[in-house]
Amino acid sequence: MSEVIDNTTTKKPARGKDVQRGIWNAQTIAEVRYKAENGKHRIRGCGATRELPTFDDLIILPGQMTRMTIDTYREKCDTRTVLGKRHATKPLVLETPIMIAGMSYGALSREAKIAMAKATAMTGTVISNGEGGLLPEERENSYRQSIQILPSRLGFSRRSLEAADMLEYLVGIGAKPGLSGHLMGAKITEEVAAMRQLPVGIDLHSHPRHGDAFGADDLMVKMDQLRELTNGETPIFIKIAAARVRDDVKIAVKTGVDGIILDGMQGGTGAAPVMASENLGIPTMPALVQAVKTLEEMGVKDEVSLIISGGIRDGADMAKALAIGADAVAIGTGAMVAMGCSVCLNCQAGRCAAGIGTQDPEQRKNLIIDEAAERVANYIRGMTAEAMLLAKAAGKTKLKNLEREDLRSLTLESCAMTGIPLVGSNYTFGTPFGFC
Amino acid sequence: MEFVDAKTLSGKDLNVILKDRLGKGLDVTVKNSHSMHNIGTGMKEKGKIVVDGSTGFYTGGFLEGPSIEVLGDAGWYAGDNMMSGELIIRKNAGCNAGSYLYDGTIVIYGGTGNRPGYGMKGGTLLICGDAGGWAGQMTLGGRLIILGKVAAGLGESIYKGVIYVKDREAESKLGSNCFVDDLTGEEITSLNDLFGKYGVDQEAAELRAVRPMTTGRHNYVLFDPQLEPEKARKYNPFQG
């Protein structure tokens, strides 16, 4: 018998489409349809979008009776940071422990790269070039320049080493660990192609592994080579994605690096398979905890610099990361948002109205370099001020004096993950992290 | 010619001595090299270094000027990231010889392991013997010449540049995204000049060229998995 609708009321019967569909949400359905139509996985910009543990799950304890607070507006809190002094004779000295992470010219426009480089000169920090070579204008405008040594070596030569204030031997990135770089054809213009020695307009899936170091033993010899080439002056970091953090950090330290850049799962990218971003690696916060523990176990925490990246947004993230044990943070997406990025997740298409993730000459005009540089510099200043505010409230006159004792976990999950006691108690579920 | 006994030296110390000697306009022969790593790293001085023995990893890495001749074998990554100059290996070289070669010339009179010329961007890598698998993988420029047998994966995902091969079976060993082609007259002349310069008894006209395609893997399509129901139907789960 068919359902009879009562026309005397406005009440409608419940239908299937009105019911929550559990795991079959709009995103799942869109992904199934994409595969059904194209027979391949989707490539997307920006990295993971799923819910992951973040630094929001921690709070900072302010000083009250146990320690004096520092005046937010009248007293100083030192932010100067030295990185890479383990072996290098010219370690990096930065005014604030915020690095601009490696984002390539190609994924980003020339204007965006120059603007971010200028921002580092305004704030006294460092920018990484990313894959695909170094724009001369980036080097000319940056305060300090980090050069990535990537498996592809696109646009890389000995001249790149000579331009570096810091080197990053890149093993992986958080947005697509275990995968090589992607740059889709829309962005491989004549200019980008010339710099990378690529055919114009191809979809690039770059080299998956370093062709001159197959494994950690070889890398130890490679480090000697790089030291010799840089006269022992330039700090050498290794950049790894968060995976088997404990083992990876131990091996990295033994290769003889000055520091480690650890990129968590929330790290961004210009293009990556959605599957990779959403399912590979581990989130930034627990990765950082594991890395710090490992460095402490090895007795090298004070000599090996640790930079954490992957979803760092503000001064609170930075302060909490420093309290856990990072020496600095790296920002990527945040710097792009400061320039006007709306995180539309469509970087791979190369159609960026903000003029950031595009090579289109018309769209690039939308990014005014000096304005964008000022905005990124303001963002870095603002983040630094936020972290200082929190540190001073916790009674610190130096950002680097933030410590784990200043933190508490808000959730059972973050407590178990970090070993930092749960708020309202001094209990830790799981392995305590340094104190209890 | 100066002689340096490397018996008690580290690679770094040896390189300091070599730079000093070359800087003074002296050619040097290294004795007792005991397969030392990083010999000649990044040297910019002009002149000639002869290693009377074998070398370890990264011989002549980032080299930018001199000529290094290894009379024995060379370990992995010989001539990696080389910028200019000359690296001559009289016997065999390990895997990944000439990886990321930028410019200059590497001549290996024997054979090599896998992946010679990985990601090379320019210059010349001449292998007179056999080469292992994946030769010239993801090459971005330059020329790789293999006069002996080649193995599977030849020229995989080559972007630019060219690989010259003598092996008549090379076509069946190609990686993806490349094809076998004839040499131009200009290429034949240039290669014959190269062979003459290094005393290699080879006629360039006997070679074939492996060149990149600009389609295929360079477009975002999936090549794997290739699902083949017919093969599954015939598969014996007990015998494999």
Side-chain angles (χ1 to χ4, degrees), chain A residues 35 38-43 133 149-162 180 182-186 188 193-194 196-215 217-232 271 273 348, chain B residues 10-12 15-16 37-38 40-44 56-58 61-64 75-84 95-96 98-103 114-122 134 137-142 157 159-161 177 212-223:
Chain A
K35 286 188 277 288
N38 300 287
K40 59 185 179 184
H41 50 243
R42 192 200 293 272
I43 301 278
I149 305 173
L150 294 112
S152 68
R153 308 293 162 88
L154 297 169
F156 175 90
S157 76
R158 187 174 183 179
R159 301 288 87 82
S160 313
L161 295 179
E162 291 164 356
S180 59
H182 295 62
L183 189 66
M184 310 318 279
I188 304 192
R196 298 184 180 219
Q197 284 188 246
L198 291 170
V200 175
I202 65 160
D203 288 333
L204 170 68
H205 308 106
S206 67
H207 306 56
R209 288 180 293 271
H210 285 273
D212 55 1
F214 267 37
D217 292 337
D218 299 5
L219 191 51
M220 290 179 77
V221 186
K222 187 78 191 169
M223 283 297 155
D224 289 341
Q225 185 199 52
L226 293 173
R227 293 277 179 212
E228 202 168 334
L229 287 162
T230 56
N231 201 26
Q348 82 290 345
Chain B
S10 69
K12 193 177 172 186
N15 286 341
V16 170
H37 301 319
N38 287 329
T41 288
M43 285 196 183
K44 289 184 173 175
F57 285 7
Y58 303 111
F62 289 89
L63 193 71
E64 198 168 7
W76 282 41
Y77 316 115
D80 74 293
N81 296 280
M82 199 169 124
M83 299 289 291
S84 65
C95 292
N96 295 42
S99 50
Y100 307 121
L101 175 65
Y102 194 86
D103 209 344
N114 290 333
R115 297 171 298 273
Y118 179 90
M120 61 186 277
K121 305 167 184 177
W134 306 87
Q137 184 185 356
M138 301 179 97
T139 289
L140 296 158
S157 295
Y159 294 100
K160 284 185 174 176
N177 248 70
M213 291 194 288
T214 51
T215 55
R217 273 201 198 280
H218 298 330
N219 286 326
Y220 170 49
V221 291
L222 289 182
F223 290 81

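Everything quoted here is computed from the prediction, not taken from an experiment. Letters A, B, ... are given to chains in the order of the sequence lines, protein chains preceding strands, and every chain is numbered from 1.
- Judged by distance alone, the side chain of B:Tyr159 and the main-chain N or O of A:Gln197 form no donor-acceptor pair under 3.5 Å.
- Both the backbone and the side chain of A:Pro208 come within less than 4.5 Å of a heavy atom in chain B.
- Using a 4.5 Å heavy-atom cutoff, the side chains of B:Trp76 and A:Phe214 are in contact.
- Note: A:His210 NE2 to B:Tyr118 OH = 9.0 Å, rounded to the nearest 0.5 Å.
- Atom CD in A:Gln225 sits 10.0 Å away from atom CG in B:Asn15 (nearest 0.5 Å).
- Checked by atom type and distance alone, the side chain of A:His207 pairs as donor or acceptor with a backbone atom of B:Met138 at under 3.5 Å.
- Put simply, of A:Gly185, A:Ala213, A:Ser206, the one with the most heavy-atom pairs under 4.5 Å next to chain B is A:Ala213.
- If you take CG on A:Leu161 and CG on B:Asn81, they are separated by 8.0 Å, rounding to the nearest 0.5 Å.
- Between the side chains of B:Asn38 and A:Glu228, no donor-acceptor pair of N or O atoms lies under 3.5 Å.
- A side-chain donor-acceptor contact under 3.5 Å links B:Tyr77 and A:Asp218.
- Side-chain N or O atoms of B:Lys121 include none that pairs as donor or acceptor with a backbone N or O of A:Ser157 at under 3.5 Å.
- Atom NZ of B:Lys44 has more than 12 neighbouring heavy atoms from other residues, nucleotides or ligands inside a 6.0 Å radius.
- Within the 4.5 angstrom heavy-atom criterion, atoms from both the backbone and the side chain of B:Lys12 approach chain A.
- Not a single donor-acceptor pair under 3.5 Å links the side chain of B:Arg115 to the backbone N or O of A:Gly211.
- Checked by atom type and distance alone, the side chain of B:Tyr58 pairs as donor or acceptor with a backbone atom of A:Asp212 at under 3.5 Å.
- Contact annotation for A:Arg196: only backbone heavy atoms (N, CA, C, O) come within less than 4.5 Å of a heavy atom of chain B.
- Looking at B:Tyr102, only its side chain comes within 4.5 Å of chain A, counting heavy atoms on both sides.
- A distance of 7.5 Å separates CZ of A:Arg153 from OG of B:Ser99, quoted to the nearest 0.5 Å.
- By the 4.5 Å heavy-atom criterion applied to side chains, B:Met83 and A:Arg159 are counted as neighbours.
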